[in-house]
Amino acid sequence: MKFTIVFAGLLGIFLTPTLADYDIDVNDNNNSGGSGQQSVSVNNEHGVANIDNNNGWGSWNSLWDYGSGFAVIRSFKKKSCFVHKMNKEVMPSIQALGMLAKKNKLQGRGPEGPPPKSLIYSVKPDKVNNLDQFGESVVTMCKGIPTYMAEEIQGANPILYPEKCFKVDILWILNISLCEEAMEN
């Protein structure tokens with residue numbers, strides 16, 4: 001009986017960090033060309049990460065639903081949502097996201113650290129009519145907001161890409177560019 005109690009206690013100690021929800025805040029103290037304040041909330045139980053960027057009119061939210069395989073970026077300035085498939089070869093796993101964000105925060109990383117990975121997406125001009133296909137998390141975030149599908153462009157360079165792009169830089173880990181000819185800044 002004592003072994004069972006000790007085993008259950010140890011199991012609880014080791015499983016708690018993997019099942020727990022946690023938040024990480026990162027500030028851009030000088031805000032010189034920076035991204036303001038970003039925070040990451042991870043819900044391991046539901047397999048969802050929420051990244052918030054608070055920067056006045058340039059604020060945005062990104063939700064990564066590891067269960068459905070879709071991510072969404074909601075831009076306050078554009079008053080729109082952009083849904084895309086998660087590229088699991090480039091986007092960190094839910095466990096690695098928390099680890100990388102904590103590591104970058106503790107090391108004071110930013111522009112001085114290694115360059116982040118980049119993803120470039122082409123935004124389709126037609127609005128998405130059925131958000132249910134992307135999962136409950138996307139529906140909750142984008143219900144009632146114009147939503148567009150974005151498809152990854154392999155091997156494109158955002159500097160050379162001729163269309164206008166909305167850029168999302170996530171915690172010095174990942175840069176995402178959503179590009180569309182008609183996209184207004």
Side-chain angles (χ1 to χ4, degrees), residues 8 10-28 34-55 59-76 80-111 113-121 123 128 130-143 145 147-154 158 166-178:
L10 289 173
L11 187 62
I13 289 170
F14 291 114
L15 277 181
T16 299
T18 61
L19 298 176
D21 299 338
Y22 56 89
D23 300 317
I24 302 163
D25 292 318
V26 178
N27 292 309
D28 181 6
S35 58
Q37 178 182 354
Q38 289 191 6
S39 63
V40 177
S41 300
V42 176
N43 183 317
N44 284 313
E45 183 180 346
H46 292 105
V48 174
N50 186 28
I51 301 101
D52 293 314
N53 184 74
N54 299 310
N55 190 22
S59 295
W60 50 262
N61 298 103
S62 183
L63 184 129
W64 298 359
D65 188 336
Y66 289 87
S68 72
F70 286 100
V72 62
I73 296 169
R74 178 178 167 186
S75 167
F76 291 100
S80 300
C81 281
F82 305 95
V83 179
H84 60 88
K85 281 190 169 214
M86 294 177 66
N87 180 334
K88 294 182 181 180
E89 292 178 16
V90 178
M91 298 174 80
S93 69
I94 197 165
Q95 295 82 11
L97 176 63
M99 180 189 68
L100 288 168
K102 285 178 187 176
K103 178 180 164 187
N104 286 348
K105 179 181 179 180
L106 292 174
Q107 293 179 353
R109 282 231 165 106
K117 296 179 179 178
S118 294
L119 290 170
I120 302 171
Y121 293 90
V123 178
V128 173
N130 179 14
L131 291 176
D132 292 329
Q133 63 186 320
F134 305 118
E136 184 179 337
S137 299
V138 174
V139 172
T140 303
M141 188 169 186
C142 297
K143 187 173 185 176
I145 298 171
T147 302
Y148 301 90
M149 187 70 194
E151 290 185 9
E152 186 177 352
I153 302 170
Q154 296 292 328
F166 169 63
K167 295 180 192 310
V168 173
D169 299 328
I170 300 172
L171 301 169
W172 309 292
I173 298 169
L174 181 66
N175 293 336
I176 296 176
S177 296
L178 298 163

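Values reported hereafter were calculated over all heavy atoms of this structure, with side chains retained and with hydrogens, waters and symmetry mates removed. Note that the coordinates shown come from a computational prediction; the quantities given were computed from them, not determined experimentally.
The shortest distance between side-chain heavy atoms of Leu63 and Ser137 falls below 4.5 Å. In this structure the side chain of Leu174 reaches within 4.5 angstrom of the side chain of Met91, judged on heavy atoms. Contact of the Ile73 side chain with the His84 side chain is registered, since non-hydrogen atoms from C-beta on lie closer than 4.5 Å. Between Asn175 and Ile170, every side-chain heavy-atom pair lies at or beyond the 4.5 Å cut-off. In this structure, Phe70 and Met149 have side chains that are in contact, with non-hydrogen atoms separated by less than 4.5 Å.
Taking both residues in full, the closest heavy atoms of Leu97 and Ala49 are given as CD2-CB, 3.4 Å, listed atom of the first, atom of the second, then distance. When every heavy atom of Lys85 is checked against every heavy atom of Tyr121, the shortest pair comes out as O-OH, 3.5 Å. Closest approach of Ser80 to Tyr148, counting heavy atoms only: OG-CE1, 3.8 Å. Residues Ala71 and Trp64 approach most closely at CB-CD1, 3.6 Å, considering heavy atoms.
Here OG of Ser118 is found 6.5 Å from CD1 of Ile120. Values are rounded to the nearest 0.5 Å. Once rounded to the nearest 0.5 Å, the distance linking CD of Glu152 with CG of Asn87 reads 4.5 Å. Atoms CG and CG, from Asp65 and Asn50 in turn, are 11.0 Å apart once rounded to the nearest 0.5 Å. Leu119 CG to Met86 CE: the interatomic distance, rounded to the nearest 0.5 Å, is 10.0 Å. In this structure, CD in Gln95 is found 6.0 Å from CG in Asn44, a value given to the nearest 0.5 Å. Once rounded to the nearest 0.5 Å, the distance linking SG of Cys81 with CZ of Arg74 reads 6.0 Å.
The aromatic rings of Phe166 and Phe82 sit tilted, their planes meeting at an angle between 30° and 60°.
Between the side chains of Asn55 and Gln37, no donor-acceptor pair of N or O atoms lies under 3.5 Å. Counting only N and O atoms by type, the side chains of Gln38 and Asn53 include a donor and acceptor under 3.5 Å apart.
The residue from Val128, Val139, Val72 that alone fulfils the side chain to side chain contact (heavy atoms under 4.5 Å, CB included) condition with Phe134 is Val128.
Put simply, the side chain of Thr147 gets close to the backbone of Ile145: a donor and an acceptor are under 3.5 Å apart. Judged by distance alone, the side chain of Ser75 and the main-chain N or O of Trp60 form no donor-acceptor pair under 3.5 Å.
Remark: Glu136 CD is loosely packed, at most 12 non-hydrogen atoms of other residues, nucleotides or ligands lying under 6.0 Å away.
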